[in-house]
Protein chains: 2
Amino acid sequence: MATGRTHRPATRSRGIPEATVARLPLYLRALTALSERSVPTVSSEELAAAAGVNSAKLRKDFSYLGSYGTRGVGYDVEYLVYQISRELGLTQDWPVVIVGIGNLGAALANYGGFASRGFRVAALIDADPAMAGTPVAGMPVQHTDELEKIISDNGVSIGVISTPAGAAQQVCERLVAAGVTSILNFAPTVLSVPDGVDVRKVDLSIELQILAFHEQRKAGEDAAPEGPVPPVSAKQQRKGPDGDVPAVMPA
Amino acid sequence: MATGRTHRPATRSRGIPEATVARLPLYLRALTALSERSVPTVSSEELAAAAGVNSAKLRKDFSYLGSYGTRGVGYDVEYLVYQISRELGLTQDWPVVIVGIGNLGAALANYGGFASRGFRVAALIDADPAMAGTPVAGMPVQHTDELEKIISDNGVSIGVISTPAGAAQQVCERLVAAGVTSILNFAPTVLSVPDGVDVRKVDLSIELQILAFHEQRKAGEDAAPEGPVPPVSAKQQRKGPDGDVPAVMPA
DNA sequence: CGGTGTGAAGTAGTTCACAGCC
DNA sequence: GGCTGTGAACTACTTCACACCG
């Protein structure tokens with residue numbers, strides 16, 4: 001999964017578990033597909049399969065929202081789409097700004113999945129004056145100087161950061177100062193934000209590293225390559241978890 | 001957090017909890033930064049702050065890898081960098097292919113964070129013959145026809161899918177058939193794969209939807225807009241979780 | 001002392017299995 | 001008969017708090 005989060009750990013919003021919230025968009029996507037094919041109802045089993053989870057989990061998840069199904073029948077597709085959309089807050093319009101219009105920022109600006117879910121790209125912002133004017137995804141790129149004005153004029157509360165790592169914290173602070181309270185961070189840095197501001201992090205290289213970990217396991221335990229980095233100083237014993245770390249790197 | 005995962009739930013790789021694995025790249029990044037500033041040792045407290053977690057969690061995480069710290073002192077930065085890299089399998093070279101060179105694929109191809117961690121982009125693949133030859137990030141884009149040959153010639157075991165949703169499952173199947181066993185999926189679809197293949201999913205719009213959920217809470221419970229979608233038929237009672245769902249949408 | 005390493009306690013999330021309703 | 005909704009059991013993860021060691 002994409003990863004990281006920074007959350008007030010108390011006040012778990014109105015009793016819906018975080019893990020459930022994270023799956024609602026998945027259900028919503030599956031339901032939307034069914035809706036487009038004019039399927040009137042689904043069972044938890046079918047919907048779970050489409051969303052890639054098991055049916056007990058799905059039923060438990062829905063039970064936090066209310067009793068929206070019909071025993072012996074299943075769930076009404078249109079009705080559930082509406083309920084989940086409302087729960088997620090997608091029945092309203094969310095203006096977002098994207099800061100940092102490099103390759104990734106441009107990809108985000110062009111990404112159709114935003115508009116289709118109540119998210120509206122209110123502005124594209126970049127620090128490079130040379131980009132100003134050049135349209136990306138049919139919108140003009142505006143200069144960072146305008147950031148505060150754009151945020152307040154448009155009532156933006158969600159910001160996307162796709163700048164280089166070095167610029168991210170500073171951009172974050174300006175966004176927050178201007179009134180943004182939710183941030184989606186693509187820059188490979190830990191952002192620090194005041195309480196009350198949510199940060200979600202998407203980190204491409206972290207995802208690959210997690211895959212590499214599992215991939216390595218599949219390949220079987222090969223001998224580790226020689227250990228180039230000695231420890232602080234001579235030590236007596238290093239206990240590896242269960243017997244790797246041959247005899248190479250410590251002592 | 002980026003999201004989704006598809007894992008053999010048994011065989012939790014050699015006893016390192018999945019949640020810990022997901023944080024190792026974070027620690028590694030923080031350690032690398034310290035290493036570049038030639039800091040010789042860190043305490044769990046300092047490192048935890050840099051990685052954005054609490055120190056108890058960090059110490060527990062490291063305890064799964066082995067006893068790599070020194071009581072009263074902290075952790076040797078270089079040594080830990082090596083241990084975590086090795087644990088994650090980053091001491092070896094991982095050739096990856098990126099399939100689907102649209103905006104996002106191009107962004108990924110240009111992303112520096114891959115190369116710096118043992119990941120090498122072995123090929124860029126796209127279905128559009130018009131793209132063949134046009135270099136992206138200094139590499140030629142190759143046609144999908146070559147996919148199988150590229151995978152086996154380069155011994156690729158990790159594939160990145162950044163195609164449109166409609167093409168993703170088919171691409172996935174070809175990758176798997178050709179020998180790929182780990183997939184990072186950016187397409188907004190649930191991929192189905194045989195056992196033994198890992199899929200991680202990064203979904204931009206899901207992350208925004210999760211933010212919107214929390215954002216909505218902060219704004220306070222406003223009246224929900226009128227409910228445009230009636231349920232299956234007239235019903236007696238709908239119990240919302242604790243008293244929303246005014247009187248509008250059911251019955 | 002100071003800071004790691006870790007059992008024990010606490011909390012969150014998942015799965016089971018079945019009562020209850022359509 | 002079929003399928004939802006949910007307590008109860010279980011598993012995973014986190015946090016506490018302190019023994020132990022450099």
Side-chain angles (χ1 to χ4, degrees), chain A residues 1 3 5 7-13 15-24 27 41-49 51-76 79-80 83 231-241, chain B residues 1 3 5 7-13 15-24 27 41-49 51-76 79-80 83 231-241:
Chain A
M1 121 194 320
T3 27
R5 224 178 320 166
H7 253 177
R8 72 238 113 129
T11 319
R12 216 250 283 79
S13 325
I16 300 182
E18 192 57 31
T20 295
V21 172
R23 282 187 295 265
L24 292 180
Y27 302 145
T41 59
V42 252
S43 68
S44 62
E45 202 71 55
E46 295 161 334
L47 183 53
V53 303
N54 74 47
S55 64
K57 196 185 282 183
L58 177 142
R59 288 201 302 280
K60 180 66 90 175
D61 284 342
F62 286 177
S63 80
Y64 295 116
L65 310 184
S67 300
Y68 294 149
T70 307
R71 289 165 203 243
V73 179
Y75 300 91
D76 180 78
Y79 185 59
L80 246 194
Q83 288 300 342
V232 205
S233 63
K235 286 270 171 70
Q236 319 240 8
Q237 274 280 37
R238 287 285 191 189
K239 83 166 186 295
Chain B
M1 164 184 339
T3 28
R5 223 179 316 166
H7 254 174
R8 71 238 115 130
T11 319
R12 216 250 283 79
S13 323
I16 300 184
E18 191 58 30
T20 295
V21 173
R23 279 186 297 265
L24 292 180
Y27 301 145
T41 59
V42 250
S43 67
S44 62
E45 202 70 55
E46 294 161 335
L47 184 54
V53 303
N54 75 47
S55 64
K57 196 184 282 181
L58 177 142
R59 288 201 303 278
K60 178 68 88 177
D61 284 340
F62 287 176
S63 80
Y64 295 116
L65 309 184
S67 301
Y68 294 149
T70 307
R71 290 170 200 239
V73 177
Y75 300 91
D76 180 78
Y79 185 59
L80 245 195
Q83 288 299 342
V232 205
S233 64
K235 285 269 172 69
Q236 319 241 9
Q237 276 280 37
R238 288 285 192 189
K239 83 166 186 295

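Within every chain, numbering begins at 1; the chains are lettered A, B, ... in the order of the sequence lines, protein sequences first and strands thereafter. As a basis for the values below, the full set of heavy atoms in this structure was taken, side chains included, without hydrogen atoms, waters or symmetry mates.
- Between A/Leu58 atom CG and C/dT14 atom P the separation is 12 Å, expressed in whole Å.
- Nucleotide D/dA12 holds its P atom 12 Å from the NZ atom of A/Lys57, rounded to whole Å.
- Regarding A/Glu18, its CD atom lies at a distance of 11 Å from the P atom of C/dT14, rounded to whole Å.
- Looking at heavy atoms from C-beta onward, B/Phe62 lies in side-chain contact with B/Leu47 at the 4.5 angstrom threshold.
- Atoms CG (B/Asp61) and P (D/dA12) sit 16 Å apart, rounded to a whole Å.
- Considering only side-chain atoms of A/Ala19, the nucleotide from D/dG22, C/dG13, D/dC13 that sits closest is C/dG13.
- In this structure, the nucleotide among D/dT4, D/dC13, C/dT14 sitting nearest to the side chain of A/Ser44 is D/dT4.
- No hydrogens or angles considered: a donor-acceptor pair under 3.5 Å links the side chains of A/Thr20 and A/Asp61.
- Mapping A/Ala56 and A/Gly72 onto DNA chain C by nearest heavy atom places A/Ala56 at the nucleotide closer to the 5' end.
- Of the listed nucleotides (C/dT4, C/dT6, D/dC13), C/dT6 has the atom at the smallest distance from the side chain of B/Ser63.
- Atom-to-atom, CG of B/Leu65 to C1' of C/dT6 comes out at 14 Å; the value is rounded to the nearest Å.
- Residue B/Arg59 places its side chain closer to D/dC18 than to any other of D/dG5, C/dT15, D/dC18.
- Atom pair B/Glu45:CD and C/dG2:P shows a separation of 13 Å (rounding to whole Å applied).
- With D/dC13, D/dT14, D/dA8 as the candidates, the nucleotide lying closest to the side chain of A/Lys60 is D/dA8.
- Side-chain contact check for B/Tyr75 versus B/Arg59: some heavy-atom pair is nearer than 4.5 Å.
- Listed nucleotides D/dT14, D/dG5, D/dG22 differ in distance to B/Arg71; the shortest reach to its side chain belongs to D/dG22.
- What separates CG of A/Asn54 from P of C/dA17 is a distance of 13 Å, to the nearest Å.
- A heavy-atom distance below 4.5 Å is found between the side chains of B/Leu65 and B/Leu24.
- Atom OH in B/Tyr75 sits about 12 Å away from atom P in C/dG3, given to the nearest Å.
- Under the 3.5 Å distance criterion, the side-chain polar atoms of B/Thr70 are left unmatched by any main-chain donor or acceptor of B/Val73.
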